[in-house]
Amino acid sequence: MSLKKSILFVLVSFVTVTVLAEDSFARRRSKTLKIATLAPEGSAWWQILKDADKRIRELTNGSVKIRLYPGGVAGDEPDVVRKMRVGQLHGGALTSVGLAEIQPELMVLQAPGVIQTWAELDAARTKMSDKLKALLREKGYEVLVWGDVGFNRLFSKTRVDTIEDVKKTKPWCWTQDGLTRQFYKELDVNPVMTSMPEVLPGLQTGLMNAYSVAPLVSLSLQWFTRSEYMYDLPLAVTIGAVVITKKKFDTLTDAEKAAIEQAGREITPKMEEMVRGGDEDAIAALKKAGVKVVVPTARQKKQWQKAALASAQASAGEVYSDALLQDLKTAVSEYRANGN
Amino acid sequence: MGTSSLTSPDSEVEAESTSESDLDAARESRGWLKGLLHIDGFLGRVDGKLLALAMICCAGFASLDFVLRNFGLASSPWFDRIPKYCTLAIAMLGASLATRQGNHIAIDIVHRFAPPKLGAWFRAISDSAICIICMYLAYASFEFLEGEFEAGAKELEVLPTWTIAALIVWGFAFCAWRFALRAMRFRPWLGLCFFFAAVAGSLPNAVDWFPERYPDAERALDLITPLSDFAFAYMPWVAGLVILVGFLTGMPLFGVLGGIAMLGFWVAESPIAAVPPSVYQLLDAPALVTLPLFTLMGAVLAKGNAPARLVRVARAWLGWAPGGLAVAAVVVCAFFTTFSGASGVTILALGVLLHQMLSEEGYSENTSLGLVTASGSIGLLFAPALPLIMYGIFAKVDIDHMFLAGILPGCLLILAVAGTGVALGRRSKLNTHPFEWAEAKASFRAAIWELLLPVIILGLLILGLADITEAAAVGAVYTLIVVGFIHKDLDLKTEMGEAITESGVLIGAVLVIVGLALGLVAYFVDVEIPQAIVAWAKANISNKIVFLLYTNLLLLVVGCLLDILSAIVIFVPLLVPVAQIFDVHPVHFGIIFLANLEIGYLTPPVGMNLFLSSFRFKKELPAIWKTVLPYLVVLFVALIIITYVPWLSTAFLDLGSTP
């Protein structure tokens with residue numbers, strides 16, 4: 001090819017590609033919401049999302065639908081969040097792991113020792129609802145419904161009653177979980193820091209032998225098979241939510257948005273019932289599988305709470321802002337004082 | 001298939017073969033191109049140093065984590081994360097250096113069989129195709145980076161994730177640049193094409209922000225809309241053609257995978273930026289960190305005199321028995337493969353030594369070559385070989401179950417190869433020498449440091465003192481100390497650094513394939529292909545036996561074409577759900593899977609071991625095919641036994657599940 005010809009060739013291909021570049025996606029964008037979750041197909045979580053899909057199709061006459069990627073096929077939660085950022089996925093039923101990747105400030109709800117019952121969580125979250133939603137919106141996400149995982153318990157191979165007992169164990173901490181890291185620092189224990197998939201093999205070889213998660217997590221990830229005891233002191237909750245990217249949400253018409261919000265409201269009670277019951281169900285299943293439940297005495301409880309609150313305070317400014325923590329504390333104490 | 005840069009001190013084969021593929025060799029080019037090649041030569045040296053640094057940091061920080069924790073000192077979360085950042089850095093640096101040196105893994109059979117002139121054209125075409133794909137990968141990664149930047153996400157509350165994404169952009173951009181140089185070395189005017197293609201590639205972004213900033217220009221866009229609709233309809237065909245032509249002319253595998261993934265997403269109306277997050281996943285898949293570590297170990301051992309010492313031990317302890325040397329050769333190979341993963345190091349490092357030893361003792365040329373070639377990937381089923389770990393992760397099976405499951409089938413394969421070697425050897429007159437206690441002791445003492453390596457790694461794992469990453473890191477540091485300070489096999493200032501860089505290039509080329517294979521899987525998941533396969537299997541496959549038969553056939557082909565790690569990444573998510581409906585135990589399925597791929601490496605015409613062997617022994621491929629045939633027949637029988645006797649794989653599982 002002569003130089004002239006090749007330049008001509010290049011110019012022609014240049015023009016073609018330029019023209020292609022016109023982003024035709026906007027005009028052809030389908031209204032399928034692609035939503036990923038770690039919950040496996042057939043689980044209660046999955047069923048609720050399926051119901052939401054059905055409801056949304058009904059309400060929008062089929063113009064919007066949900067395509068669900070269950071069982072973590074779309075990756076771990078941080079992967080899912082990254083895929084939402086580039087626009088491949090449009091939403092996720094996330095636990096705190098994914099939510100922290102989106103907006104670390106939300107982790108304030110998990111500050112140890114602050115929220116200890118479902119009622120407190122509900123009251124505080126309702127009171128701070130606008131603020132929390134704004135925090136997510138700031139990052140480009142809409143909350144469809146809050147759906148929590150459960151209250152964390154400490155699981156261990158040897159019996160743990162007091163903080164001193166924890167020092168004799170090798171507790172695990174997810175490397176990216178600043179709150180738990182701070183908590184163990186407060187207890188003056190060196191946790192074993194790894195990623196999630198390394199926990200089960202680690203428990204098998206004895207690399208670690210204690211961990212603190214919601215009972216449902218221990219149950220579904222099979223971690224309980226390597227634990228003898230569960231210390232029944234809920235110090236912190238693992239939150240979760242179904243979120244949708246604003247970028248996708250904004251492509252919908254107002255009627256469609258309203259339909260989705262309505263579906264979200266409709267599944268909320270079902271979701272709450274499942275989550276609240278799920279915690280108890282999981283513990284019952286764990287007991288049946290031979291995990292011994294240790295009930296703390298009032299004195300021990302106090303000791304733990306003190307340490308937990310101290311670590312919650314120490315995390316302020318690191319994970320979440322101090323102002324947010326104080327807001328939360330006020331909301332919880334108001335609830336405790338007058339029951340609303 | 002793939003070539004590898006791993007050199008032994010004595011080889012001249014290397015110099016010959018790299019001269020046509022290494023960019024350095026083209027310095028005699030004219031004018032401006034010479035200037036560019038000089039610049040890239042400098043950049044290449046910097047990359048090499050950085051790569052070695054990343055390898056050492058990877059091993060160093062993971063070991064540090066282990067040491068601190070076991071001495072009861074507070075460790076930092078960074079020590080867990082830094083080796084993972086290093087893994088991504090190794091992937092990108094290694095890939096761009098592999099581009100420089102022409103060391104990417106590719107199904108480039110056409111390059112080998114075409115006449116030289118045509119072969120050069122094929123190379124230029126495939127380099128051009130992958131250059132364009134790399135540009136799009138870089139562009140997609142940049143979009144990903146932007147997303148991370150806007151989100152303001154941080155690692156451990158400090159390190160912005162966009163800086164990590166920047167590594168990916170940088171890596172693909174460098175690959176594109178170097179593929180462009182390679183093509184331009186052939187015909188300089190290709191450079192002009194690449195320049196314009198780069199400009200065009202950046203335009204989709206420009207068109208996005210252009211109307212935002214200049215709303216008045218909307219009309220100009222309206223004018224070209226009909227044209228763009230037309231182009232939109234044809235674009236997938238053009239892109240598909242580029243990928244197909246590239247594939248046929250022997251483009252590196254990562255380009256094929258990345259190209260298909262991007263094209264797939266584009267057709268499915270998802271952004272192509274959906275691919276780079278999968279490369280980012282190299283960070284989060286935990287056991288992947290062990291890949292560079294084990295490769296480092298294998299490469300440094302191979303470069304030193306460890307192979308000679310190991311062969312001496314095997315000879316002294318097993319050489320007295322009739323056929324004992326064949327067994328010894330297979331065992332040494334298995335040992336080496338177990339520790340060097342699936343990177344093909346074994347044949348390159350041990351091939352010549354073992355071949356010499358066997359020939360001296362009277363084995364015929366064919367028997368010996370066949371034995372060495374067949375042994376090249378034989379250790380893959382023993383702990384802690386990487387394919388076992390990778391399968392465990394991707395199929396969500398306990399890794400220690402995989403370790404236990406591999407023992408008996410692994411032994412069966414060793415027996416099959418060694419037995420065939422012994423049987424064939426009997427035909428020629430073999431020399432045996434009597435067992436000498438003194439030599440046995442001396443050889444053992446000389447190789448004691450190497451022999452301790454598996455003891456250390458498995459010991460740390462079994463005692464629960466370290467996780468697999470830390471054990472591998474400690475093993476790597478130990479190997480560096482043994483080779484560099486105890487035996488002083490390698491000169492610390494020069495040879496050691498080179499060996500480390502070389503291992504980085506070797507594994508970088510593999511990691512980038514794994515990353516883009518993850519991208520392809522993400523596309524499969526996106527369009528729900530696994531479900532479609534399950535539905536198809538339910539409708540068309542009547543029972544377990546037929547399913548296993550299909551699996552065997554499919555995987556043998558896959559084993560020929562892909563390296564084992566990307567085969568795991570791509571096919572495990574597709575096949576494991578199907579295995580479940582036919583009630584195949586996931587651990588057993590894993591062993592079938594790996595045994596198949598292992599044998600696929602040997603299957604003519606294009607199994608990787610055949611190429612490595614033909615390259616190492618300077619033999620024509622058909623000659624090698626002939627030598628492995630008897631081994632292959634026996635291995636097929638072994639494969640059938642492994643497939644249809646699940647007991648072999650599941651016998652020890654109960655041991656593993658008792659807490």
Side-chain angles (χ1 to χ4, degrees), chain A residues 1 3 6-7 9-11 13-14 16-25 28-30 34 67 69 73-76 78-79 81-83 85-89 101-102 104 139-140 157 173 175-176 178 181 185 190 192-198 200-202 204-207 225-226 318-319, chain B residues 69 72-75 77 80-81 143-144 147-148 151 153 155-157 189 192-193 196-197 199-201 203-204 206-208 221 224-225 227-229 231-232 235 265 269-271 273-274 276-277 280-281 284 286 393 398-400 461-468 522 525-526 530 573 656 659:
Chain A
M1 221 187 296
L3 191 65
S6 61
I7 290 178
F9 164 75
V10 168
L11 282 181
S13 43
F14 173 72
T16 322
V17 179
T18 313
V19 168
L20 292 173
E22 213 280 316
D23 188 356
S24 311
F25 293 127
R28 307 165 116 251
R29 210 167 262 151
S30 66
K34 296 196 260 184
R67 191 193 286 169
Y69 298 100
V73 288
D76 294 342
D79 291 331
V81 172
R82 282 193 287 269
K83 286 173 179 170
R85 281 184 197 136
V86 297
Q88 186 212 333
L89 295 173
E101 176 74 28
I102 292 175
K139 295 286 185 183
K157 192 148 196 171
C173 167
T175 313
Q176 277 111 310
R181 210 160 60 222
K185 202 168 168 188
N190 293 327
V192 179
M193 284 175 275
T194 71
S195 60
M196 299 266 196
E198 283 165 302
L200 192 57
Q204 280 159 1
T205 58
L207 181 67
T225 54
R226 311 283 157 163
E318 296 273 330
V319 183
Chain B
R69 201 185 51 244
L73 298 164
S75 185
D80 183 48
R81 294 302 286 172
E143 279 203 336
F144 168 55
E148 293 295 313
E155 275 272 327
L156 301 180
E157 296 108 41
W189 52 259
L192 212 58
C193 303
F196 283 113
V199 174
L203 274 173
V207 175
D208 266 351
L221 285 176
I224 55 170
T225 301
L227 221 89
S228 94
D229 276 354
F232 188 87
M235 181 62 178
F265 275 123
E269 297 177 18
S270 283
Y280 194 101
Q281 251 180 294
D284 287 321
I393 292 168
D398 288 357
I399 290 168
D400 64 341
L461 276 177
I462 292 166
L463 295 177
L465 292 173
D467 61 20
I468 181 93
V525 167
D526 191 88

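All values below were derived from every heavy atom in this structure, side-chain atoms included, with hydrogens, water molecules and symmetry-related copies excluded. Letters A, B, ... mirror the listed sequences (proteins, then strands); counts begin at 1.
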Visitor: Do A:Arg82 and B:Asp284 touch side chain to side chain, with heavy atoms closer than 4.5 Å?
Guide: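 Heavy-atom side-chain distance check passes, below 4.5 Å.
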
Visitor: Out of B:Pro530, B:Ala522, B:Ala274, return the one with the most heavy atom pairs under 4.5 angstrom to chain A.
Guide: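 Looking at each of B:Pro530, B:Ala522, B:Ala274 in turn, B:Ala274 comes out on top.
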
Visitor: Heavy-atom pairs under 4.5 Å with chain B are the metric here; pick the option from A:Val81, A:Leu207, A:Asp76, A:Ile102 that has the most.
Guide: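 With the most close heavy-atom pairs to chain B, the winner is A:Leu207.
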
Visitor: Of all heavy-atom pairs between A:Gln176 and B:Glu157, which one has the smallest distance, and what is that distance?
Guide: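 Minimum heavy-atom separation between A:Gln176 and B:Glu157: O-OE2, 4.3 Å.
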
Visitor: Please enumerate all residues that pass side-chain hydrogen bond (donor to acceptor under 3.5 Å, both in side chains) together with A:Gln88, with sequence neighbours excluded.
Guide: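 In terms of side-chain hydrogen bond (donor to acceptor under 3.5 Å, both in side chains), with neighbours along the sequence ignored, A:Gln88 is linked to B:Asp526.
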
Visitor: Once side chain to side chain contact (heavy atoms under 4.5 Å, CB included) is applied, do any residues pair with A:Thr175, and if so which ones, sequence neighbours excluded?
Guide: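 Here the qualifying residues are A:Met193, B:Pro77, B:Asp80, B:Arg81, B:Leu156.
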
Visitor: Check whether any side-chain heavy atom of B:Pro277 sits under 4.5 Å from a side-chain heavy atom of A:Val86, and report yes or no.
Guide: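 Yes - at least one pair of side-chain heavy atoms lies under 4.5 Å apart.
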
Visitor: Show the nearest heavy-atom pair for residues A:Lys139 and B:Ala151, with the distance to one decimal.
Guide: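 Shortest heavy-atom separation between A:Lys139 and B:Ala151 comes out as NZ-O, 2.9 Å.
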
Visitor: Can we say B:Glu148 and A:Arg85 salt-bridge, meaning some charged N sits less than 4.0 Å from an Asp/Glu carboxylate O?
Guide: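 So B:Glu148 pairs with A:Arg85 through a salt bridge.
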
Visitor: To the nearest 0.5 Å, what is the distance between OG1 (A:Thr205) and CD1 (B:Ile468)?
Guide: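 Nearest 0.5 Å value for the OG1-CD1 distance: 10.0 Å.
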
